[in-house]
Number of protein chains: 2
Amino acid sequence: MKRKTTIKDIANALQITPSAVSRALHNHPRISDKTKKAVKLKAKELGYQPNHLASALRSGKSNLVGIIVPRTNSYFFSSVVENIEEELNKEGYNVIITQSNESYQKECRNIEALLQTQVDGIIASLANETVDFEHYERIKQKGIPLILYDRGENDIGVDYVGIDDYQSSHIVVDHLIEQGCERIAHIAGFSHTRIYKNRIRGYIDALLKHNIPIVESLILESNLTLEEGRKKTEELLKLPKWPDAIFASGDYAALGALQVLQEHGIKVPDEIALVGFSNEPFTKLISPTISTVHQHNHKIGKLVAQQFLKRVNDPNWKPVLHKIILDAELIVRESSLRKK
Amino acid sequence: MKRKTTIKDIANALQITPSAVSRALHNHPRISDKTKKAVKLKAKELGYQPNHLASALRSGKSNLVGIIVPRTNSYFFSSVVENIEEELNKEGYNVIITQSNESYQKECRNIEALLQTQVDGIIASLANETVDFEHYERIKQKGIPLILYDRGENDIGVDYVGIDDYQSSHIVVDHLIEQGCERIAHIAGFSHTRIYKNRIRGYIDALLKHNIPIVESLILESNLTLEEGRKKTEELLKLPKWPDAIFASGDYAALGALQVLQEHGIKVPDEIALVGFSNEPFTKLISPTISTVHQHNHKIGKLVAQQFLKRVNDPNWKPVLHKIILDAELIVRESSLRKK
DNA sequence: TGGTAAAGTTCAAACGTTTGAGCAAATATA
DNA sequence: TATATTTGCTCAAACGTTTGAACTTTACCA
């Protein structure tokens, strides 16, 4: 394995100094076009690959951005990440993905690892378990840009991109009531996570708006996995009075619910209507197709990346809070559309 | 934001040189225990965080390992990654995950990005699209350790960890025949990928072993998504003579098949039995539960990490090919278990 | 007691790049 | 023609750490 060619080799070959080479490669205005051309040619000729570590050390910029994702096996998260990546790659940033697996411990270790790798910024969505934010404070203190998305609208005072969860529940409930439902159950996420709390609040307020009383036993908090969706639905079917609709805060939970309903021979949507959340691809592939809420995965990814870029490119950035809240969109499918 | 404390600050505070501090922190044998203790104490006191970039630059080791994964939204891949991560973290390595999204282009760009980040090694599984391996040759030429897992048993002559795909088909076919099936269809992956080719070969040889003729129209190549699973199953049901079993090379495709079968009112497993591949969590949660092949995700992750560690820690590593092939395990569930 | 070895540390260079300051030549300005 | 400005480059230090070599001091052995 031969020694890698450095900026020095180019300099020697052209009888100029390394600094001139460096400036030429970066299109410094004080370098003549002739030299620039010669340098770039020689660089290609020698197969020069910039040493990222050296430039990062010297300039204090690693051009790496860390992403923390609760789980990778969700379409929502993986498409957000994909879009962040795309947007940042364009600007010369590379992306390090780490997963917390919904674990607080793991999330802390991820942050540690990212800081150690000297990332230029961190983009994160909180694990389900996470309830305190000291570890995120550490990032802020170090002056490293931090942006949260989806799970993370919180009081730590950092930039955030996500959908309007409160409003999205209203859309769902309005739709179900329009379909003639009156006892709407809610398989919710844990209320200590802001987004799920907001959905619960939205659910309650929407019912009240329609003068429908709130029934405690119809609101069940869970981790929204398929398994939990099944369990909570079984619980609902043990109630003396069944719901006539189920609104699940996640598609996997909705799928679990659907399975249980079908196993009990319950007709969806006529006996019990069903709405999920996230627009996972499978929702439109199974039978009946599941109504769900679309969170603009692509847009969220792009926006969060742009927010980061805005922040690092603006030399006089003021620590002002930027929250970007998108409107969610209800996708009505068979599981909640009753024939008139 | 105050300046970060460096090794120099510790040196000054203790009236010794930076080199002594560096050696103390690394437990160099020629540094007295007294000094080591003092240094470590002072380091903690000043909140010293080693500058990873500097040490990487100087020592030529970044302590980063790149992982390329075809898709993150698969339980198999995300649990392999999780286990690699765990194993490597223990040894002080951090992990960069990049996804190719099954795209050859993206895979190339990922490799570029990883090389640029100066990773100490690359662990990869090939994208579905990938048929040539020049980009992997580049890694080899640079002398950077490369290990492939699952998709990647190939002719590039690199270490590999995966299951015995040929053998796994035998187990599946043997089981289906034992259940009384005679016309076994195979929804296969693309045969240009070695693992899927091996499964097809195994499927054919297993049938021949039982003196069952091979029917071309029962072998359908696909990308193994849920959608493709549905399409291919529809195709199978258009045949003049239906199969009495479907062996899908992926669980999502199997799920698609199951949906179509159920929509046609076909009884599973009595009319058509079904076996998937990968042991995705949902296979044991839906009704009927789907028989599938377990690939030892955890073991693969651990082994691939250990292989990497062995290689970098062994100073006189000979470029000898190491292939680790695990036996797959069939998990029989309702979808293929006929009542006697 | 002289000589050798071991222990504990310092010195200085190196990793590859970036960057402010400086300098000479070329060009513009008056 | 003298002076100011711009252009194009060189110089040298710096980023924070690691590391081979050198240098003292202490311990050991005969």
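Treat the numbers as computed from the prediction; the structure is a model and nothing was measured.
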Study note, to complete from the structure: Looking only at dC9(D), dT17(D), dG16(C), the nucleotide nearest the Ser55(B) side chain is dT17(D)
Exercise for review: Just compare dC9(D), dT18(C), dG8(C) and give me whichever is closest to any side-chain atom of Thr35(A).
Suggested key: dC9(D)
Whole angstroms only, please: what is the [atom1]-[atom2] distance between [X] and [N]?
X	N	atom1	atom2	answer
Leu57(A)	dA14(C)	CG	P	17 Å
Ile31(B)	dA6(C)	CD1	P	18 Å
Asn63(A)	dT17(C)	CG	C1'	13 Å
Ile10(A)	dT17(C)	CD1	P	8 Å
His52(A)	dC15(C)	NE2	C1'	16 Å
Lys61(B)	dT17(D)	NZ	P	17 Å
Ile16(A)	dC11(D)	CD1	P	12 Å

Regarding [X] and [Y], do their side chains bring together a donor and an acceptor under 3.5 Å, going by distance alone?
X	Y	answer
Lys42(A)	Asn12(A)	no
Asn297(B)	Lys302(B)	no
Ser32(B)	Thr35(B)	yes
Tyr93(A)	Lys61(A)	yes
Thr130(B)	Glu107(B)	yes
Gln307(B)	Tyr149(B)	no
Glu87(A)	Gln306(A)	yes

Exercise for review: Could you tell me whether the phosphate oxygens of dC15(D), OP1 or OP2, come under 4.0 Å of any side-chain nitrogen or oxygen in Ser59(A)?
Suggested key: no
Check your understanding: Within less than 4.0 Å of OP1 or OP2 of dT9(C), is there a side-chain N or O belonging to Ser32(B)?
Key -> yes
Check your understanding: Going by modelled atom types, is there a donor-acceptor pair between the base of dT18(D) and the side chain of Arg58(B) at under 3.5 Å?
Key -> yes
Exercise for review: May I ask you to say whether Lys106(A) pairs ionically with Glu85(B), meaning some side-chain N is under 4.0 Å from a carboxylate O?
Suggested key: yes
Review point. When you measure from every atom of DNA chain C, which of residues 17-27 of chain A have a heavy atom less than 4.0 Å away?
Key: Ser19(A), Ser22(A), Arg23(A), His26(A)
**Study point:** 5′-ward residue of the pair Pro29(A)/Leu53(B) relative to DNA chain D
**Key:** Pro29(A)
Review point. Under 6.0 Å between ring centres, would you say that holds for His135(A) and Tyr104(A)?
Key: yes
Revision key, fill the gap. Overall bend of the helix from dT1(C)-dA30(D) to dA30(C)-dT1(D) (five pairs an end, 10° steps) is 40°
